[in-house]
Amino acid sequence: MATIVVQDDKILRFLEVILDPEVAPERVAAFCDYLSFDIPDPEAWFNEQRLRAGAVYPSKVIMVEDETAMRAALPAADAVVIEGLQIGADDLVEGANLKLVQKFGIDTRNIDLDACSEAAVPVRTLRRRVNANVAEHAILLMLAVGRKLIETHAALDFGSLQALGYKPSKFDADHVAGANWARIAGLKSLFGATLGALGLGEIGREVAARASSMGMDVLYHQRSRLPEEIEAKYSATYVSYEDLLKRSDFISIHLPLTASTQGMLNANAFSQMKPGAIITNISRAHIIDRAALIGALDSGRLGGAGLDVHYEEPSKTDEPLKGYSNVVLSPHVAVAHRSHNLADTAELVENLVNALEE
């Protein structure tokens, strides 16, 4: 029986459900519920993966929360699956039986690749489909706010537009085109605009790739600057936090919620933003100070906001952000259809099989 050490990420727990028959029944039931509204028969899918796993099922799956726990488990490990935990030369000495280091993502800065190569331990990466979907949603929110899509939905007649405060009037068709006869001012485009990416990790890179292909100039800021080859790949320029705030037409958040990032978008940050800037958040709500966001909206300085993550989920019925026409709120759906979770998981299982059955 193989032993697989897995970082205790809530998505990586799929591996425990599939491969370890000793998994708690409550966890299996929770995952079936997690999939149920999109996947007709989750248990059938789990069983299909077990069949595909061949000799890798059953395995002992050890979920670890931190590097200390991971290192304690490495001597018995045949493979390790990590997202953010560090793997270095000393860990490879402890994990003398390792046949695979699997990164749950594409950013391998937490893995000593040279040490893995010297130890003849292969490293596999995975471009997460879910991250691509979340990036799509970030772009969607930018467009929806910038084009006032939700505010003007179905406002196709004079009365509807006038009720929204607009002054529609047809143009002289003998001389000019008829586009935007609704006379909706202030519409914003992505092409030619500047995106400020707060974080250029797994999701940030997916957002940057899409933004760049749509003609945006991409700035980014995070704690540590990336190597030049990664910046070039994503057409991204590293700037200070203050510079990003001042220069960006759109700001997209892709940072984890930590003590240092909580409330980093505060009143001072909003005061430094370009007037009319639009902010989108597909990461964690509390990275934006709620009172500061409302204050920036009330002042008229902020052009709008698109939020897929919220301060309470479910939110209260009287959530104040619902009252702003330039705020687009989606109910934490950026991950899209659950099939993308399953495809990512199936690829992980396949990589484990290829490494451990050799």
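For the single chain, residues carry numbers from 1 onward in sequence order.
For the side-chain contact (heavy atoms from CB on, under 4.5 Å) test with Y324, the passing option among L329, L302, L297 is L297; the others fail. Between E83 and the options R128, K103, R13, a salt bridge (charged side-chain N to carboxylate O under 4.0 Å, His left out) holds for only R128.
For E228, the CD atom counts as loosely surrounded, since its 6.0 Å shell holds 12 or fewer non-hydrogen atoms of other residues, nucleotides or ligands. The number of heavy atoms from other shown groups lying within 6.0 Å of NZ (K60) does not exceed 12. By the 6.0 Å contact criterion, CZ on F191 is open, its count of non-hydrogen atoms from other residues, nucleotides or ligands being 12 or less.
Residues E319 and Y311 have side chains that never bring a donor and an acceptor to within less than 3.5 angstrom of each other. Inspection of the Q102 and N351 side chains reveals an N or O donor paired with an N or O acceptor under 3.5 Å.
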Point to revise | Residue pair R52, E48: steps toward the salt bridge (Lys or Arg N to Asp or Glu O under 4.0 Å) verdict | key: CA-CA 6 Å; R52 291 183 175 180; E48 177 185 348; 2.9 Å; yes

Practice item. Test salt bridge (Lys or Arg N to Asp or Glu O under 4.0 Å) on D107 and R109 and set out the steps. Key: CA-CA 6 Å; D107 185 350; R109 286 178 295 162; 2.7 Å; yes

Practice item. Run the numbers on W45 and T345 for side chain to side chain contact (heavy atoms under 4.5 Å, CB included), then give the verdict. Key: CA-CA 11 Å; W45 186 84; T345 302; 4.0 Å; yes

Practice item. Assess whether side chain to side chain contact (heavy atoms under 4.5 Å, CB included) is satisfied between R205 and L226, documenting all intermediate values. Key: CA-CA 11 Å; R205 295 179 198 185; L226 294 168; 3.5 Å; yes

Point to revise | Stepwise side chain to side chain contact (heavy atoms under 4.5 Å, CB included) check, Y57 with L352 | key: CA-CA 10 Å; Y57 176 79; L352 287 166; over 6 Å; no

Review point. Going through the distances and angles, do H153 and L149 end up as a side chain to side chain contact (heavy atoms under 4.5 Å, CB included)?
Key: CA-CA 6 Å; H153 171 66; L149 185 64; over 6 Å; no

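Heavy-atom minimum distance, I39 versus S339: CD1-N, 4.3 Å. When all heavy atoms of V56 and V353 are compared, the closest pair comes out as CG2-CA, 3.8 Å. Between D308 and S330 the shortest heavy-atom distance is OD1-OG, 2.6 Å. In this structure, E151 and L164 approach most closely via the heavy-atom pair O-CD1, 3.4 Å. Between R223 and Y238, the shortest heavy-atom distance links the atoms O-OH, 4.2 Å. Shortest non-hydrogen contact noted between V5 and M70 is CG1-CG, 4.2 Å.
Between T280 and F250, every side-chain heavy-atom pair lies at or beyond the 4.5 Å cut-off. Considering only heavy atoms from C-beta on, V218 stays 4.5 Å or farther from Y234 through its side chain. A heavy-atom distance below 4.5 Å is found between the side chains of P168 and Q162. A 4.5 Å side-chain heavy-atom check between P42 and Y34 finds every atom pair outside the cut-off. Within the 4.5 Å cutoff, the side chain of L190 has heavy atoms near those of the I139 side chain. Using a 4.5 Å heavy-atom cutoff, the side chains of T3 and N97 are not in contact. Side-chain contact check for I11 versus V130: every heavy-atom pair is 4.5 Å or farther apart. Contact check for R127 versus T125: no side-chain heavy atoms found under the 4.5 Å cut-off.
A donor-acceptor pair is defined here as one N or O able to donate and one able to accept, closer than 3.5 Å; such a pair exists between the side chain of R210 and the backbone of E206. In this structure, Y241 contributes its side chain and M264 its backbone to a donor-acceptor pair below 3.5 Å. In this structure, R147 contributes its side chain and K188 its backbone to a donor-acceptor pair below 3.5 Å. Side-chain atoms of N47 come within 3.5 Å of backbone atoms of E43 as a donor-acceptor pair (strictly under, hydrogens ignored). Side chain of D38 to main chain of L35: no donor-acceptor pair is present (N/O by atom type, distance under 3.5 Å, no hydrogens or angles). E202 places a side-chain N or O within donor-acceptor distance of the main-chain N or O of I106, the cut-off being under 3.5 Å. Side-chain atoms of N180 come within 3.5 Å of backbone atoms of I184 as a donor-acceptor pair (strictly under, hydrogens ignored). Between the side chain of N281 and the backbone N or O of L307 there is no donor-acceptor pair closer than 3.5 Å. At least one donor-acceptor pair closer than 3.5 Å links the side chain of R301 to the backbone N or O of M273. The backbone N or O of L244 sits less than 3.5 Å from a side-chain atom of S248, completing a donor-acceptor pair.
Listed by first then second residue, pairs satisfying ring pair (Phe, Tyr, Trp, His ring centres under 6.0 Å) with a partner in residues 156-187 read F158-W181, not counting sequence neighbours.
With respect to the salt-bridge test (charged N to carboxylate O, under 4.0 angstrom), the residues E312 and R290 qualify.
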Using a 3.5 Å cut-off and no angle test, enumerate the donor-acceptor pairs between side-chain atoms of residues 115-123 and protein atoms at least two apart in sequence or in another chain.
none

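Among residues two or more places apart in sequence or in another chain, the side-chain hydrogen bond (donor to acceptor under 3.5 Å, both in side chains) test is passed with E16 by R27.
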